[in-house]
Protein chains: 2
Amino acid sequence: MAEHEIDERTRNLQRPATEIIMSTHTEPSEDLAQERRKATFDVQELSYVLNEGKDLLEKKQLFAELLASTPWGDKSRRYFLDREEEYVGALRAAFGIWEKMKSEKLSVEDAMIMRTLVDFPGGLELHIGMFIPSVMSQGSPEQQAKWMPLCTKLNVIGTYAQTELGHGTFVRGLETTATYDKETQEFVLHSPTLTSTKWWPGGLGKTATHAVVMARLMLPDEDAGAAGGSREGEEEGGSVGEGEEEGGSGGGHRTVVRDYGPHGFIAELRDLDTHLPLPGVTIGDIGPKAGFNSVDNGYLSFDHVRIPRENMLMRFAKVTPNGRYVPPPPSNSKASYATMVFVRADIVKNSGSTLARAVTIAVRYAAVRRQTAPAPGERELQVLDYQNCAATLLPLLASSYALSFMGAAMMERYRAFEAERDRGEFGGLPELHALSSGLKALCTWIAADGIEECRRTCGGHGYSKLSGLPTLFQNYVQNVTWEGDNNVMCLQTARYLIKALVGVQQGKPATGSAAYLNQVSSELSPSSRCPAACSDCWAGQPAVAAAALRHAAARAVVAAAETLRSASLAASGGTRQMVFEGRPWNENTVELIRAAKAHCIYVLHQTFLDSIARLEAAGAAGEVEAAVEAGSAVSGPTAAVLRQLAALFALEQLERGGGGAALLEDGYMSAAQAASLRVAHRGLLTALRPNAVPLVDAFAFTDYHLNSALGRSDGDVYRGLLEMARGSPLNATQEGPAWPEVLRPVLAARSKL
Amino acid sequence: MAEHEIDERTRNLQRPATEIIMSTHTEPSEDLAQERRKATFDVQELSYVLNEGKDLLEKKQLFAELLASTPWGDKSRRYFLDREEEYVGALRAAFGIWEKMKSEKLSVEDAMIMRTLVDFPGGLELHIGMFIPSVMSQGSPEQQAKWMPLCTKLNVIGTYAQTELGHGTFVRGLETTATYDKETQEFVLHSPTLTSTKWWPGGLGKTATHAVVMARLMLPDEDAGAAGGSREGEEEGGSVGEGEEEGGSGGGHRTVVRDYGPHGFIAELRDLDTHLPLPGVTIGDIGPKAGFNSVDNGYLSFDHVRIPRENMLMRFAKVTPNGRYVPPPPSNSKASYATMVFVRADIVKNSGSTLARAVTIAVRYAAVRRQTAPAPGERELQVLDYQNCAATLLPLLASSYALSFMGAAMMERYRAFEAERDRGEFGGLPELHALSSGLKALCTWIAADGIEECRRTCGGHGYSKLSGLPTLFQNYVQNVTWEGDNNVMCLQTARYLIKALVGVQQGKPATGSAAYLNQVSSELSPSSRCPAACSDCWAGQPAVAAAALRHAAARAVVAAAETLRSASLAASGGTRQMVFEGRPWNENTVELIRAAKAHCIYVLHQTFLDSIARLEAAGAAGEVEAAVEAGSAVSGPTAAVLRQLAALFALEQLERGGGGAALLEDGYMSAAQAASLRVAHRGLLTALRPNAVPLVDAFAFTDYHLNSALGRSDGDVYRGLLEMARGSPLNATQEGPAWPEVLRPVLAARSKL
């Protein structure tokens, strides 16, 4: 750049103008420091709760420093990478953690913490998250002995290929086939249609050498022509017995096969020396996505590819060498339910911490961002002091706490279930499964929508990737779709709830989170009334809001059941009371989904209250210091703030979430009570405002983890933006990449100026 | 790839398995053809309405073909470009259209259509959208004569630099200064703080050679020490008169200056020969964003940079050579209001077509996507036949029509205003400005949230960029922030509405869209009741839903006014009834924003109904064929479907949007009416279902414009995905970019397998 000297006269000319500007100028870092002085509770105490104790919190902070110092963990260029760089970078990070784990003898849990902090999903996600667990849970002992050492040494990298171009949620509709060839004792994997192309598996595109492939098992039909099973092809070519099949090849004859539905098969996809796809295997990356572009989600099709019989995962179902099917024992389905419960509980846990990251960024920035001076010459206001900003962020802050407590509670319930399972007890599984399904949906909706709300609340700068929020949203939002589309998840919960309600009506008590259905007739009696006598009740008496949410849930479940009953009777000509499938079900999913949501909101709030009560009780008992450091106790002031958050969570659902309309409609809540609820809601916004920054600080995210110019803990957000922006690839040259070939020719006539 | 030969025996083994698969296989293109046969109305007729006539529709189709055939208009690699390629590609496209315009003598309107179709925002957005309009509207005749030819020949490329790192909505808070130096007759542009760095202007990063810079005009204070104006620096160094200033340089004396607030200045930023930033000018790209990455939004700071006095835009305010300020005439503010109205009306128009693109993709895909077979051996159901899917997409379809009609009506109102303005009449401007503000907010919210809802409804494939939906959302969502943050926009509308209500109470009738406030006392009297007597009324009698939305709006405005009144009285110690600023205003923005939204929803529905009535009346008059081709008339069956859409739009707002809660609370709507509203809403979903695909077809988007594998008009979505995915940059090699340096070393021990 040309030299630019400024003479003293010019500086003097400017000086008074600068003084005018400086007279109302504010420093964001001072604003944030000021916010922290307002805390009415012990932030550290709450940090231990949210991070499962002092030791784990300190470990996270240590790991963050360690990761930031590695070339593969450094995040300074993270937002500038193109697709290839993202993909390669994420693999480097995954391998980096793998190496650290070996070299420093870290536990699997430690490695998982590192994976969370480095926050760079890559080609190994499904190796770790699906391939290894599939081998462990569905492989026979021999299969585990063969494959697990290869997996842990990274001699093979696996993925899990289930969904297809044309098939997702409905697993039985998969079109990939695995046809057994008794003669060679092999399965032939084949993709008979375009829509059977496997699509989406992470790591499949360019990384994985192997996959667990879900394919419809086709075995010779040993009693072709007899009844039973789904069977095809009998019309054409006649049925051909096994003897003929063994003897002949070619000749236009067709074996009659029987479809045993989807099963898992380990297929080798790539040559281990060249990494090239094996003959008959077509693989590729499926292209860019809204986010998650560091992962090579892939496609895969098979053209009559043979794999050995031993590659069918045979812990449960089996195929004998001569092609006979051995069905899985009945307990198998319970085990697979348990796996789903674990995965969903993990998603719930993750929803809280992810939303908390977004809320941390947005609240800190809203505390330092100033807009509009009340009068000339005054400083502009912090945007968090505008009611609509507080009314967006503080309920989201409350939600991030509600989801965090729910995640912890789900994990605890899952561990309790494991203990029961080891005793052979499966009685609690259906309720746990139903709850985990609906909560997976509700919590990921709250988190995904909440992240985007946080982003919008940051104004223009929230749109910059340097804020961290676009990437957080773009990577996270798929959670509403994967591991079960949220609407489908809600329908599973609705099915359970309606069946539980029918059970109650038939004298079989509902249990667990659905136990309130036992009192449904008194709950919904015309005399049932909201007990709120004043606006203080709504905010100060947790039982009032809890009762309202319970009433809303009971009402929604009953309404859904009645809708389903009418439709069932209509569709069956009055012969069937409740049809849980077909048109009666599919054409009334709106009410069904609503019931599941109302139930889960009630559970979220109740769990929040229970968690506070437990923490406070522990804080009032002996050995308090150890309990606080373990994250299992809080003192009174902390519990008081948590109760305000729980109240705001509940009132937000009733006031803005629309839950209140149902209560008005059935007369449970009066117009006066609806008005006092609004007053209480607004009052909580004011009450929580001073603790807003301390409450996000309590999550104790490191700056490394957040990787956000707006969320930095020192509040120096504008310096953060400018320093990060300088590294933008477009800034590699002063003229920019379009100058030589595009801009220069067009601007050529510039001498005319 | 190694050769892969399949013997006849293997083929025979596979064949019956394939036959089983094929027995329930469906072809998406057949599904879509079947959907089109269900139309109950003339799709072409409606296409003319939505595309402003047959001629314009055909022109769009022609242009799409033309653009697809150019190297710069081709979209086949659009989703695969990295940031630099996007930036360069978008500029190439912009220049390509510019050339076409010259070479084929196209009109500006034609060029704008091409810009919409090519859908590639770039470095020229603000040259076209802000720099040229600023010169035209704020430049003196001499300035226009100098700059316009340079602009239109692209000898200069401009941008508009207003927002700063620390300042957005509150323009008076900008920190960049322009201090006049009388001696040299120059302004010194300076960025006195980090936060004064200009941030966000499109094209500023690497493209623009010039900018209109908004800076606070600082002039020597001719009567320093006297009262008036915002003034600083008097305490330090004493005031220095002009004489001294002229004579001296250096010496520590300071000129006392006066701040005249933000004004526009044309600054040259880059050397026209080298494209390097000029001395004292620091420029760069601000880095990647959630979307819109083909645009080089930039940052800019000045270090005492001198520009000639003539570069201040002086059509209205002026600075004389000896440094005297000539204020703008009073009519100036009206003109700038008018510009804002135009920009916001344009955003409203754009919201409808953008949402319609998303709905087109989602509805077509939901019609061909199948999920879950009702019984073994049956075909899976089209997902559009699940109620929750229809309940998401059909109301969004209705919204896309509502917004489209609103956009057309806003443009018409703007043109009517222009005619009034030319007669010197400005009476309708405040109402039009208030309406355009609130509608800008509401319509962009509906569109942005609707696009994302459409994306989610497409399941996993909606997450793929190849669906077109992620890019549409990521590029569009900034509309809720730019050109006035939506909440701030709503507050402008609320201010107008409350002032109108106060006026009504003082005997001054409200006009235009706010005229219903004249009947507010009867509207909100305790005897005011919803006239719906049955569920058919809700769907079949437009006046019923319109009355409910009007009641909801009146109630929300009155509630907001009452809230503001209480707060104003409390804050002023009972002396002021209504304070439209400070704490009374800022701490009650939730109710204020709610009022603005309720008002705009009412207007949207009313405009929808009015548009249908006008189209139908024209369709029943003479000269029908010409009117239909002009897009200004429809026949009865088309009007009937449009009325169903309008009804669904209204009931969705009442039923799912939460509007109904307020009506229940104040007793306008009974519980029975709320229940019948639900029935009517669900009934409309069923009634509209057969026309879903025809109704999106009527928007008549070309495949070129949509650029979506899922939205393609032939329905061959899975082939579309696969063909597009093959071009993914990760697929450039079979092994992928991580193999040589990252994967190979880790997988090295592979011989052990």
Side-chain angles (χ1 to χ4, degrees), chain A residues 2 4 6 8-10 16-21 82 84 88 91 165 170 175 177 179 192 206 218 232-233 249-250 254 257 272 275 279-280 284-288 290 304 372 387-388 391 465 470 487 586-587 589-590 658 661 664-665 671 674 718 725 728 730-731 735-739 742 750, chain B residues 2 4 6 8-10 16-21 82 84 88 91 165 170 175 177 179 192 206 218 232-233 249-250 254 257 272 275 279-280 284-288 290 304 372 386-388 391 465 470 487 587 589-590 658 661 664-665 671 674 718 725 728 730-731 735-739 742 750:
Chain A
H4 181 54
I6 301 139
E8 194 58 22
R9 201 186 141 270
T10 303
T18 298
E19 281 166 10
I20 290 177
I21 298 303
D82 69 23
E84 289 91 329
V88 175
L91 267 184
L165 252 179
F170 183 60
E175 295 182 329
T177 58
T179 307
K206 294 291 158 184
M218 302 282 184
E232 300 289 335
S249 75
R254 290 175 199 179
V257 295
L272 293 170
H275 209 59
D285 171 76
I286 64 164
H304 301 83
T372 308
Q387 189 191 35
N388 59 294
K465 280 203 175 174
N487 287 303
N586 297 332
E587 295 181 0
T589 52
V590 169
L664 283 161
E665 188 178 329
Y718 300 117
S728 170
L730 285 194
N731 293 332
E735 310 91 301
W739 170 248
V742 183
R750 61 203 174 282
Chain B
H4 181 54
I6 301 142
E8 195 60 18
R9 199 185 144 270
T10 304
T18 297
E19 281 166 8
I20 291 178
I21 298 302
D82 67 23
E84 288 93 328
V88 175
L91 266 184
L165 253 180
F170 182 61
E175 294 182 329
T177 58
T179 306
K206 295 292 158 183
M218 301 284 183
E232 302 288 334
S249 77
R254 290 173 198 176
V257 296
L272 293 170
H275 209 58
D285 172 76
I286 64 164
H304 300 84
T372 308
Y386 292 92
Q387 189 192 36
N388 59 296
K465 279 203 174 174
N487 287 302
E587 294 181 0
T589 52
V590 168
L664 283 161
E665 187 178 328
Y718 300 116
S728 171
L730 285 195
N731 293 333
E735 310 91 303
W739 169 247
V742 183
R750 60 203 173 279

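Just so it is clear: chains get the letters A, B, ... in the order the sequence lines come, proteins before strands, and each one is counted from 1. If you're wondering where the values come from, they're calculated on a predicted model, not measured in any experiment. Quick note: numbers below take in every heavy atom, side chains included, and nothing from hydrogens, waters or symmetry partners.
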For the candidates [options], which exhibits the highest count of non-hydrogen atom pairs separated by less than 4.5 Å from chain B?
options	answer
Ala391(A), Pro470(A), Pro737(A)	Pro737(A)
Glu175(A), Glu84(A), Gln387(A), Met218(A)	Gln387(A)
Asn487(A), Thr179(A), Thr18(A), Val590(A)	Val590(A)
Ile286(A), Thr10(A), Asp82(A)	Thr10(A)

Heavy-atom pair of closest approach, residues [X] and [Y]:
X	Y	result
Lys465(A)	Ala290(B)	CG-N, 4.1 Å
Gly280(B)	His4(A)	CA-CD2, 3.1 Å
Leu91(A)	Ala738(B)	CD1-CB, 3.5 Å
Ala661(A)	Leu664(B)	O-CD1, 3.6 Å

Handout entry: N/O donor-acceptor pair under 3.5 Å between Thr589(A) side chain and Tyr386(B) backbone
Key =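 Not confirmed, Thr589(A) side chain does not pair with Tyr386(B) backbone.
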
- Task: Measure from the side-chain N and O atoms of Asn731(A) to the backbone N and O of Asp285(B), and report whether any donor-acceptor pair falls under 3.5 Å.
- Result: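 Answer holds: yes.
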
Among Ala674(B), Gly736(B), Pro288(B), residue most engaged with chain A (heavy-atom pairs, under 4.5 Å):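 So the answer, after comparing Ala674(B), Gly736(B), Pro288(B), is Pro288(B).
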
Ile6(A) versus chain B, heavy atoms under 4.5 Å apart: side chain, backbone, both or neither?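 Side chain of Ile6(A) only, per the 4.5 Å heavy-atom cut-off to chain B.
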
>> Distance check, rounded to the nearest 0.5 Å: Asn586(A) atom CG versus Thr372(B) atom OG1?
In response: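 Reported to 0.5 Å precision, the distance equals 8.0 Å.
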
